[in-house]
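What follows is one structure encoded as structure tokens, with my remarks underneath.
The first residue in the sequence is number 1, and the count goes up from there.
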Amino acid sequence: MDVTVRRGSAEDAPALARMRWRWRVEERGQTPDVDRESFVDFFTHWVLDHLATHRPFVVEVDGALAGMAWLMLADRVPAPGLMYRRFADVQSVYVLPEHRNSGAGAKLMEAVLREARDRELEFVTVHSSERAVTMYQRAGFGHNPRWLEVRGR
């Protein structure tokens with residue numbers, strides 16, 4: 001099995017949209033308020049509009065797209081001595097079911113976190129499903145008792 005991870009591009013956007021649809025609608029059973037093609041079109045344009053802040057990464061197994069992850073980059077408020085403060089959030093990590101537990105997800109996270117280190121970010125967060133917590137812990141994520149949230153929807 002040949003596993004390759006690379007930065008995603010604008011050309012990958014339609015395939016990433018179809019993967020996102022499969023994950024949320026076909027696997028999780030969500031009921032969308034749009035049809036598949038409308039979602040693919042919207043998602044493709046969204047990717048093009050957000051490439052500066054939302055960096056896609058893809059994992060390919062034997063040349064076929066097998067997963068994705070997004071690194072959302074954001075600026076923090078400057079502080080004296082820390083004029084440029086950036087952080088990232090890992091989002092929408094997904095590996096096709098037939099490639100889970102094969103190491104493809106680990107290689108994907110390795111590439112995402114390498115990008116974060118290369119950018120010298122202050123910290124990287126992730127909001128995980130219960131099933132994926134151990135994978136993120138193996139990648140180096142830990143719990144932080146100061147990280148709090150207020151839920152919207």
- Fit a plane to each ring of Tyr136 and Phe141, take the angle between them on a 0 to 90° scale, and name the class: parallel (under 30°), tilted (30 to 60°) or perpendicular (over 60°). perpendicular
- Item | Candidate pair Ser38 and Asp41, rule side-chain hydrogen bond (donor to acceptor under 3.5 Å, both in side chains), full reasoning | CA-CA 5 Å; Ser38 295; Asp41 184 58; over 6 Å; no
- Task: Take atom CG of Asn144 as the centre, draw a 6.0 Å sphere, and report whether it contains more than 12 heavy atoms from other residues, nucleotides or ligands.
- Result: yes
- Query: Excluding sequence neighbours, so at least two apart, what forms side chain to side chain contact (heavy atoms under 4.5 Å, CB included) with Thr134?
  - Reply: Gln137, Arg138
- Non-hydrogen atoms of Glu110 and Arg117 that approach each other most closely: O-NH2, 4.4 Å
- Query: Roughly how far, to the nearest 0.5 Å, is OG of Ser92 from CE of Met19?
  - Reply: 12.0 Å
- Would you mind checking if Arg22 and Glu98 are paired as a salt bridge, meaning a charged N to carboxylate O distance below 4.0 Å? yes
- Task: Tell me, yes or no, whether the heavy-atom count around Glu120 atom CD, taken from other residues, nucleotides or ligands under 6.0 Å, exceeds 12.
- Result: no
- Query: So Trp21 and Phe39, would you call those rings parallel, tilted or perpendicular, with 30° and 60° as cut-offs?
  - Reply: tilted
- Can you tell if the side chain of Leu113 reaches within under 4.5 Å of the side chain of Val124, non-hydrogen atoms only? yes
- Query: Can any side-chain N or O of His50 pair as donor or acceptor with the backbone N or O of Trp46 at less than 3.5 Å?
  - Reply: yes
- Query: Would you say Arg85's side chain and Val77's backbone share a donor-acceptor pair under 3.5 angstrom?
  - Reply: yes
- In terms of heavy-atom contacts, Met109 and Ala139 come closest through CB-CB, 4.3 Å
- Query: Are Glu115 and Arg6 ion-paired here, with the side-chain N under 4.0 Å from a carboxylate O?
  - Reply: no
- Query: Under the 3.5 angstrom rule, does the side chain of Thr44 hit a backbone N or O of Val40 as a donor-acceptor pair?
  - Reply: yes
- Query: What's the verdict on salt bridge (charged side-chain N to carboxylate O under 4.0 Å, His left out) for Glu122 and Arg76, showing C-alpha distance, side-chain angles and the deciding distance?
  - Reply: CA-CA 9 Å; Glu122 278 191 66; Arg76 297 192 70 210; 3.3 Å; yes
- Task: Check whether the side chains of Ser9 and Asp12 place a donor and an acceptor atom closer than 3.5 Å, and report yes or no.
- Result: yes
- Message: Please find the pair of heavy atoms, one from Ala104 and one from Val61, that lie closest to each other, and give the distance.
- Response: CB-CG2, 4.4 Å
- Query: If you measure from OG1 on Thr125 to CG on Asp89, what distance do you get to the nearest 0.5 Å?
  - Reply: 3.5 Å
